[in-house]
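To start, the structure itself, in structure tokens.
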Amino acid sequence: MEIRLYNTLTNQVERFEPLTAGRVKMYSCGPTVYDFAHVGNFRSFLFADLLRRFLEASGLDVWHVMNITDVGHMTDDAVADGTGEDKMQVAARRLKEDKKSGKVDEGAVANPDDPYEVANYFMHAFLDDGRKLGLKVASEYPHRVPKATQFIPEMQQMIATLIARKHAYVGSDGVVYFSVESFPSYGQLSGNTLEALRVGAGGRIDIDNQSCKRHPADFMLWKPDPKHIMKWDSPWGAGYPGWHIECSTMSMRVLETDVLDIHTGGEDLIFPHHECEIAQSCGATGNELFSRFWMHARFLLVEGEKMSKRKGNFFTVRDILSGKATGTPVHPAVLRMELIKSHYRAHSNFTTKGLTDSANTVRRLTELGQRLRDACGGVPKKIDRADHPVTKAFMGALANDLNVSEAMAVVHAWISSPGEDPAEAYGVLLALDQVLGIWEIAANDCQARDPEGDIAASLCAMIDEARRARDFSAADAHRQRLIQLGYEVRSSSDGTSAKKKLA
RNA sequence: GGCUCCGUAGCCAAGUGGCUAAGGCAGCGGAUUGCAAAUCCGCCAUGCGUGGGUUCAACUCCCACCGGAGCCUCCA
């Protein structure tokens, strides 16, 4: 099966073949751990996860690495080269507030002024969220989830190489800068030219900050700053690394290669972050390419509006799952479904309506799964993905630049008529779910997580009793009560059962 | 100002230079049910932002316009 993926580098869909046959080396820009991850973050992370799972289902051995940015970068790092406020200090302040308001447990971070503790706290929060949502790489911490603070010497080594190769210089302010003019193809990824970058930006470049640099687009590799909250010794003075260098360093180290197959991230990272990564990496290795494919997920909108930290209209994963955002607790499988079900290169609009739609799909899929599993005694038939008509159509759709809509159309059709043989159908479900990751996280805990299960069970018994006595108004009243409690109620010849709604 | 992208039924959302424009949700009709829910069957865009153009043929290509979004600035 030919896999075709859109490559930001060339602006077109291209045939994908890994550099080494059978093995894919893939790097995804991960979170900066100074706050809880929000649904927009996870749209991008789960896009990478879907891609990874699809490649695995295609028979490839995928090395998927996602970094944790735990260096205390500055809030204005990218444009102004290290002005603004330290992100870890911002986090510390917020943590203290959150502790007071009870949003964060009192004992969670003993000392909010210790940036390592803060980063560690939010990193584990991220990994927890990730595991709940079926983000496979989150279960591969630490070997596939490197932390920037653990690669400082390697970053310094790369900076020294860049200086030696004349790609970097120490500015008059003592800061080590990458010289974009030393790298003629700077701008290729984002469609920029050096001239446009110099002239453009609508006069938004801060003049004061530019005098020490050779070109306005030159970016920081190392900033000496003895007052910085997280700092390390270096040949250029005690300070901290630039924002971009960690990804160049860690991707090559952890993936054990200097040419990656795929590099993913959110669309906002195309410029400057990924542009800078390419320049640094190729500058240091001398290679033409840093990553062969660059893939970017478009932003998630919330009820039609862009979410941003500035606007404050963003929801963390925790807000959604706990029901704080929508008023109803949301099962992680539902949130996963909602975040993966639309094409990664289109804006996805996160809405409560979408969430209930997704809940429907998850319910149908898991109920079918439970039925099939019971019917075949939990022993699936082995399915040849390339051969079985359902999985073949599903994989074929995804092979076309991850056409998830078409793939889901296959899934919906199959749910309605899964075939005669439950063992085969269960095999199909497991094969599909290797990519979807829904059954995997919803199969067993839909009931277990219900704290009011006892009340629901007794109300169900009361309904059955009333129905037997043909007291239908009493039965209806009990049913209404269950619905108000957030249950879906069903009566059949086997009696009445109630399930907590998934969203 | 520069650079991208999008506009398909009430909503979400695929798709193709030419058979009857996927799928989901909602809605409607039916089976089922005490009534529901769930399930199953059936129906649901003569049209794909607007106006031109290319073509035997366009929703699909080109141009213009209108509307929307993103990046260039913390951000996935």
Worksheet item: On a plain distance test, is the side chain of A:R479 in donor-acceptor contact with the base of B:rC35 below 3.5 Å?
Response: yes
Worksheet item: Do A:D476 and B:rG34 share a donor-acceptor pair, side chain to base, under 3.5 Å?
Response: yes
Would you classify [X] as touching base, sugar-phosphate or nothing, given that sugar-phosphate means primed atoms plus P, OP1 and OP2, and contacts are heavy atoms under 4.0 Å?
X      : value
A:S416 : sugar-phosphate
A:I483 : nothing
A:H343 : sugar-phosphate
A:R363 : sugar-phosphate
A:E488 : nothing
A:G265 : sugar-phosphate

Practice prompt. Look at the side-chain N and O atoms of A:K87 and state whether any lies under 4.0 Å from the OP1 or OP2 oxygen of B:rC75.
Written response: yes
Item to complete: Check whether any side-chain nitrogen or oxygen of A:N403 sits under 4.0 Å from OP1 or OP2 of B:rG15, and answer yes or no.
Response: yes
From [atom1] of [X] over to [atom2] of [N], roughly how many Å is that when rounded to an integer?
X      : N      : atom1 : atom2 : value
A:H347 : B:rA13 : NE2   : P     : 11 Å
A:L365 : B:rU39 : CG    : P     : 13 Å
A:W294 : B:rC71 : CH2   : P     : 19 Å
A:R470 : B:rA36 : CZ    : C1'   : 15 Å
A:R364 : B:rC25 : CZ    : C1'   : 11 Å
A:Y344 : B:rC5  : OH    : C1'   : 13 Å
A:E275 : B:rG2  : CD    : P     : 20 Å
A:E267 : B:rC5  : CD    : P     : 12 Å

Response to the item:
Taking for A:M408 and for A:V489 the nucleotide of RNA chain B with the nearest heavy atom, the one nearer the 5' end belongs to A:M408
Worksheet item: Between A:N400 and A:K353, which has a closest nucleotide on RNA chain B that is more 5'?
Response: A:N400
Which nucleotide in the set [options] lies at the smallest distance from any side-chain heavy atom of [X]?
X      : options                : value
A:A409 : B:rG23, B:rC72, B:rA76 : B:rG23
A:H412 : B:rC5, B:rU33, B:rG23  : B:rG23
A:N360 : B:rC35, B:rA76, B:rA26 : B:rA26
A:E406 : B:rA14, B:rC72, B:rA76 : B:rA14
A:L269 : B:rA76, B:rG34, B:rC72 : B:rA76

In terms of relative ring orientation, are [X] and [Y] parallel, tilted or perpendicular, with 30° and 60° separating the classes?
X      : Y      : result
A:H244 : A:F219 : perpendicular
A:H296 : A:H274 : tilted
A:F45  : A:F126 : perpendicular

Discussion item. Can a donor-acceptor pair be found, under 3.5 Å and without considering hydrogens, that links the side chain of A:D70 to the backbone of A:T149?
Written reply: yes
Can you tell me how far [atom1] in [N] sits from the matching atom in [M], rounded to whole Å?
N      : M      : atom1 : answer
B:rA9  : B:rG53 : P     : 25 Å
B:rC66 : B:rG17 : P     : 29 Å
B:rC25 : B:rA13 : C1'   : 11 Å
B:rU50 : B:rC59 : C1'   : 14 Å
B:rU55 : B:rC61 : C1'   : 10 Å
B:rU54 : B:rU73 : C1'   : 42 Å
B:rC6  : B:rG49 : P     : 12 Å
B:rA31 : B:rU20 : P     : 33 Å

Worksheet item: So, are A:K353 and A:D357 salt-bridged, with charged N and O less than 4.0 Å apart?
Response: yes
Which base sits across from [N] as a Watson-Crick or G-U pair, both distances under 3.5 Å?
N      : answer
B:rC25 : B:rG10
B:rC65 : B:rG49
B:rC56 : B:rG18
B:rA38 : none
B:rC75 : none
B:rC3  : B:rG70

Fill in: Greater than 12 external heavy atoms within 6.0 Å of A:R481's CZ
no
Worksheet item: Passes side-chain contact (heavy atoms from CB on, under 4.5 Å), A:L300 versus A:L339? Steps please.
Response: CA-CA 9 Å; A:L300 175 93; A:L339 292 175; 4.0 Å; yes
Worksheet, complete the sentence: With A:E488 as partner, the option from A:K499, A:K500, A:R363 fulfilling salt bridge (charged side-chain N to carboxylate O under 4.0 Å, His left out) is A:R363
